[in-house]
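Keep in mind that what you see is a predicted model, and the values were worked out from it rather than measured. Because only heavy atoms are used, hydrogens play no part in the values below, and waters and symmetry mates are left out as well, while side chains stay in.
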Protein chains: 2
Amino acid sequence: MVLNRTQVVDGACAMLDEQGLGGLSMRRLAQDLGVKPGALYYHVASKQDLLVEIAGRILEGRPISTVDARRAAHDIRDALLRVRDGAEVVSFALAFRPDALPGFRELHGLFAARHRSREAGWAARTLVRYVLGFVAEEQNYAELVGTTILDDVPARAEETDDAFRFGVEALVRGLDAVAEQEDT
Amino acid sequence: MVLNRTQVVDGACAMLDEQGLGGLSMRRLAQDLGVKPGALYYHVASKQDLLVEIAGRILEGRPISTVDARRAAHDIRDALLRVRDGAEVVSFALAFRPDALPGFRELHGLFAARHRSREAGWAARTLVRYVLGFVAEEQNYAELVGTTILDDVPARAEETDDAFRFGVEALVRGLDAVAEQEDT
DNA sequence: ACCTGAACACCGTTCAAGT
DNA sequence: ACCTGAACACCGTTCAAGT
């Protein structure tokens, strides 16, 4: 079927967006691509490998600011929200292969001006964790609304945006504040 | 075999701590309890139901402060660290049934003095997310060190504690700071 | 009330063999 | 080089039937 790695990842991204992470299986993906399950392993080492690749695609979708922490947080959120279960996929990839995510190592620089090197790394990771956790919850809730008979509260979207901004603001301000006494 | 719900949850907790979340299956649990898989479903509605129950047990292990946000964060971390993959299990439970976790709804009160009601809820959820995200990463890393040939950096534990304190301090300070201008 | 037997509908992964 | 066939070792869940 002259399949290649790019097509496998493309198909996986499409399937993720349509079925969600729970509906993305190697067997289904193979069938979707008109191929037997074993064939996928000629192009991809494992499902985990595939998920890391998908995570990369998700993050490449939107450029992430490297100068403003607040903007960076919103950029990452926007990227994650473009794909169903995006936050969960990226979280997995980050846990499994922390170095392989594009645009995440550079976030260290967001705090390099105010913080010492070690603390800048902590700060960047803290911000990323906040965004991932927030969006994972957000997307998970959306999933539950879609599946279960959970009555959707109207005007939830704007309140969610407000809640996100609230957390970003608190976190960035707090990170700035603790930077000032890093001279023990 | 005169099994009851408590014994099923007990067995599941033990298996979680020994095998990790990936090694906890209904079939293995059944075999461990000397019973056929189908028997478990007489005591537990589903695996998800079981995980929510386990999450409750994990959080009940340590009392969580309701007066000091910094202490509460450390209390929650301590509770999560007592069980392998504790953070992942509690995260799942929180996503799946946000109301069924003991001691989490009360955290709202930690911020009620400084914040308006809506913002106090946001603040509490932000703090919980931080702790869960941090400990999930922490436990996941420990897992990778145990499995893969990943050379463990010495003195990592103390640095991890420092990193956690750093984030808690920043977050709590930031949350306090944004509280002061909640008069739009 | 509590459990077994047995099935249903799935998984990820491997690997000899084919082309 | 790329894929199939076919297996291996699993999953969660259901449900008639047994005791």
Handout entry: Dot-bracket summary - DNA chain D, pairs being Watson-Crick or G-U whose distances fall under 3.5 Å, with | when paired to another strand
Key = ||.|||||...|||||.||
Residue [X], side-chain heavy atoms: nucleotide from [options] that is nearest:
X     : options               : answer
A/S25 : C/dG12, C/dT4, D/dG5  : C/dG12
B/V35 : D/dC3, C/dT13, C/dT4  : C/dT4
A/R27 : D/dG12, C/dG12, D/dC3 : C/dG12

Practice task
Classify the angle between the aromatic ring planes of B/Y130 and B/F134 as parallel (below 30°), tilted (30 to 60°) or perpendicular (above 60°).
Solution key: tilted
Whole angstrom value for the distance that separates [atom2] of [N] from [atom1] of [X]:
X     : N      : atom1 : atom2 : result
A/L29 : C/dT13 : CG    : P     : 12 Å
A/N4  : D/dC3  : CG    : P     : 9 Å
B/L33 : C/dC2  : CG    : P     : 15 Å
B/K36 : D/dT13 : NZ    : P     : 19 Å
A/M26 : D/dC3  : CE    : P     : 13 Å

Practice task
For the pair B/E169 and B/R165, find out whether any cationic side-chain nitrogen is under 4.0 Å from an anionic carboxylate oxygen.
Solution key: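 Answer for the salt bridge query: no.
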Problem - NZ/NE/NH1/NH2 to OD/OE distance under 4.0 Å, B/R118 and A/E159 - result: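 Judged by the 4.0 Å cut-off on N to carboxylate O distance, B/R118 and A/E159 do not form a salt bridge.
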Practice task
Output the residues of residues 41-50 of chain A in contact with DNA chain D, where contact means a heavy atom of the residue under 4.0 Å from an atom of the strand; sort by number or write none.
Solution key: A/Y42, A/H43
Handout entry: Sole residue of A/V135, A/I64, A/V90 in side-chain contact (heavy atoms from CB on, under 4.5 Å) with A/I76
Key =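 Between A/I76 and the candidates, side-chain contact (heavy atoms from CB on, under 4.5 Å) is satisfied uniquely by A/I64.
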Closer than 3.5 angstrom, by distance alone: can the side chain of [X] be matched with the main-chain N or O of [Y] as a donor-acceptor pair?
X      : Y     : value
B/R105 : B/D99 : yes
A/Q139 : A/G86 : yes
B/D17  : B/R84 : yes

Exercise for the section: Output the distance between atom NE2 (B/H108) and atom CG (B/L110), rounded to the nearest 0.5 Å. Expected result: 10.0 Å
Exercise for the section: Check whether NZ of the Lys or CZ of the Arg A/R77 lies under 6.0 Å from the centre of the six-membered ring of A/F164 and within 45 degrees of that ring's axis. Expected result: yes
Exercise for the section: Can you tell me, in whole Å, how much space there is between the P of D/dA9 and that of C/dA9? Expected result: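 One P to the other, the span is 24 Å.
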